[in-house]
Amino acid sequence: MATMPPLTSMMDNNPYSSLLSHIDSATSYIRLTEDERNVITSPVKELKVHLPVIMDSGQIEVFEGYRVIHSTNLGPSKGGIRFSMGLHLDEVRALASWMSLKCAVTGIPFGGAKGGIKVDPMTMSNGELERLTRAYVSALEDTFGPYKDIPAPDIGTNSQVMAWIVDEYERLKGDPSPGVVTGKPIEAGGSAERDQATGRGVMVSTVAALKSIGLQPEQSTAIVQGFGNVGSVSALLLQKQGISVVGISDISGGYYNPDGIDVEDAIAYAQNNNGSLVGYSNAKYVDADSFLTLQADVLIPAALENQITINNADQIKAKLIVEGANGPTTADADPILTQKGVLVVPDILANAGGVTVSYFEWLQNVNNYHWSESHVNRSAEKTIQDAFETVYQTAVEFKTNLRNAAYILSLQKLSQAVKKEKAKSFKKRRRRRLYQKRMRLKQ
Ligand code: NAD
């Protein structure tokens with residue numbers, strides 16, 4: 001039997017340690033057997049690949065890639081692909097596990113996975129990125145599959161990268177297989193609204209959470225960290241709900257305007273500026289460290305892990321944090337926020353809009369069907385709204401915070417699945433023993 005990962009105490013900002021700590025925290029409310037905990041904390045597969053790519057200079061560079069499949073008990077594994085220089089196995093492992101928990105909490109019949117390549121996509125030409133992506137697919141050809149393991153976009157990847165993935169996979173297999181990846185462009189079999197999906201889920205969670213603490217969107221202000229897919233769409237949709245977005249930020253720093261930022265204007269600026277807010281002059285520049293502690297009712301971290309830590313948690317002024325990013329709050333910052341009375345909508349609920357619409361895209365692909373934009377949006381909003389209410393009720397029932405509640409619900413589902421697998425394998429062993437006994441009697 002595999003040994004249990006140790007119970008965690010103070011964190012080292014390793015996202016996998018954070019995940020284990022959140023599991024420990026939730027299991028002080030529900031019982032998991034040692035077997036169940038072992039299975040749930042042990043990803044089923046961890047792959048590391050080396051990808052030689054011919055660069056534009058004619059030289060070969062070798063890149064490191066990963067794919068971790070955390071679980072397949074509830075369905076094929078599902079999870080994004082990240083292109084980032086800082087990528088490491090523990091990060092991918094944590095992200096894969098969060099995908100399993102996210103699917104379980106929203107009731108989506110997928111398991112969890114995550115992958116990525118150690119690369120800074122901003123330093124690569126389009127041709128180099130395409131060759132790198134195709135090399136990754138070729139190395140993982142037998143892992144991916146519409147009923148096995150289905151990637152999607154994450155940091156540093158987009159619908160164009162997904163289009164290369166499906167194209168390379170179909171070329172290798174020789175068959176059309178649009179369900180092998182989600183987040184594709186519409187013309188390559190993508191779903192309406194996938195680009196907006198994660199931000200839409202963040203918006204739905206924010207509005208529901210604001211109401212739960214007696215605040216109306218029209219009287220609330222928000223700051224959003226990260227201005228990529230999740231951050232920019234969240235900011236735009238929050239503004240459409242009447243929330244005044246007073247701060248936005250990206251890797252270039254923060255931009256603050258207490259009278260509200262015109263998010264459409266900022267998106268147009270970034271689009272014409274190679275995706276960056278650098279030099280944005282319709283707001284005051286603030287450095288990255290002060291940004292998270294600016295005055296606002298809502299804080300949406302939508303960039304990276306480990307942004308809210310023991311070093312800044314007690315200076316946060318927001319009453320509500322909605323985690324657009326995965327793992328933006330370290331485990332040891334969580335109790336500080338709870339003590340301050342800050343309501344935190346955890347990542348596995350707040351950013352589950354992305355995997356929800358990925359599931360709708362996959363359903364359309366494998367059934368050769370098309371959903372309208374309004375059908376996708378309505379269904380996605382209902383999924384997140386229902387999940388929010390279930391998590392909220394669980395928090396009330398267990399007298400705990402939303403993160404513990406979301407973990408309680410998803411761990412209960414995953415442990416049920418482990419129990420079922422165990423029962424199935426007992427039955428199989430019993431049938432085999434009976435068959436062997438009958439054969440012996442015949443001889
Ligand atoms: P993205 O690459 O589109 O955007 C990332 C943004 O973060 C960029 O604006 C970048 O400049 C900014 N950023 C990077 N470092 C920063 C820093 N130190 N401070 C401030 N900003 C910084 O990525 P994305 O797809 O928007 O993903 C963002 C987060 O949301 C990640 O944690 C990802 O795992 C999570 N997420 C994404 C999806 C999805 O559908 N794309 C779904 C669920 C969760």
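Ligands are counted one by one from 1 in listed order, and the atoms in each one are counted from 1 as well.
Listed by number with element, the atoms of ligand 1 under 4.0 angstrom from any heavy atom of N351 are 43 (C), 44 (C). Close approach of ligand 1 to G156 (heavy-atom distance below 4.0 Å) involves ligand atoms 2 (O).
Considering backbone and side-chain atoms alike, V230 places an N or O below 3.5 Å from some N or O of ligand 1. Residue contacts with ligand 1: N229 is placed with a nitrogen or oxygen under 3.5 Å of a nitrogen or oxygen of the ligand (distance criterion only). Considering both main-chain and side-chain atoms, D154 comes within under 3.5 Å of ligand 1 through a nitrogen or oxygen pair. Close N/O approach between N326 and ligand 1 is found [any backbone or side-chain N/O within under 3.5 Å].
Nearest heavy atoms, V245 versus I248: CG1-CG2, 3.9 Å.
Looking at I251 against ligand 1, both its backbone and its side chain come within 4.0 Å, counting heavy atoms. In M99, neither the side chain nor the backbone holds a heavy atom less than 4.0 Å from any atom of ligand 1. Under 4.0 angstrom from ligand 1, the non-hydrogen atoms of A302 all belong to its backbone. Heavy atoms of R82 found under 4.0 angstrom from ligand 1 belong exclusively to the side chain.
The local environment of NZ in K284 is sparse, with at most 12 non-hydrogen atoms from other residues, nucleotides or ligands closer than 6.0 Å. Environment of CD in Q339: sparse, with no more than 12 heavy atoms of neighbouring residues, nucleotides or ligands closer than 6.0 Å.
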Anything under 3.5 Å between a donor and an acceptor, one on a side chain of residues 308-316, the other on a protein residue two or more places apart or in another chain? List them.
residue	atom	partner	partner atom	Å
T309	OG1	N311	N	3.1
N312	OD1	T309	N	2.8
N312	ND2	Q307	O	2.9
Q315	NE2	N311	O	3.2

Kindly list each side-chain donor-acceptor pair under 3.5 angstrom involving residues 259-267, sequence neighbours excluded, with atom names and distances?
residue	atom	partner	partner atom	Å
D262	OD1	E264	N	3.2
D262	OD1	D265	N	3.2
D265	OD2	Y280	OH	2.6
D265	OD2	N282	ND2	2.8

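Within the 4.0 Å heavy-atom cutoff, R194 counts among the residues contacting ligand 1.
Shown are K102, E91, E305; of these, the side chain to side chain donor-acceptor pair (under 3.5 Å) with N326 is made only by K102.
Residues R37 and D24 are paired through a salt bridge, judged by an N-O separation under 4.0 Å between the basic side chain and the carboxylate.
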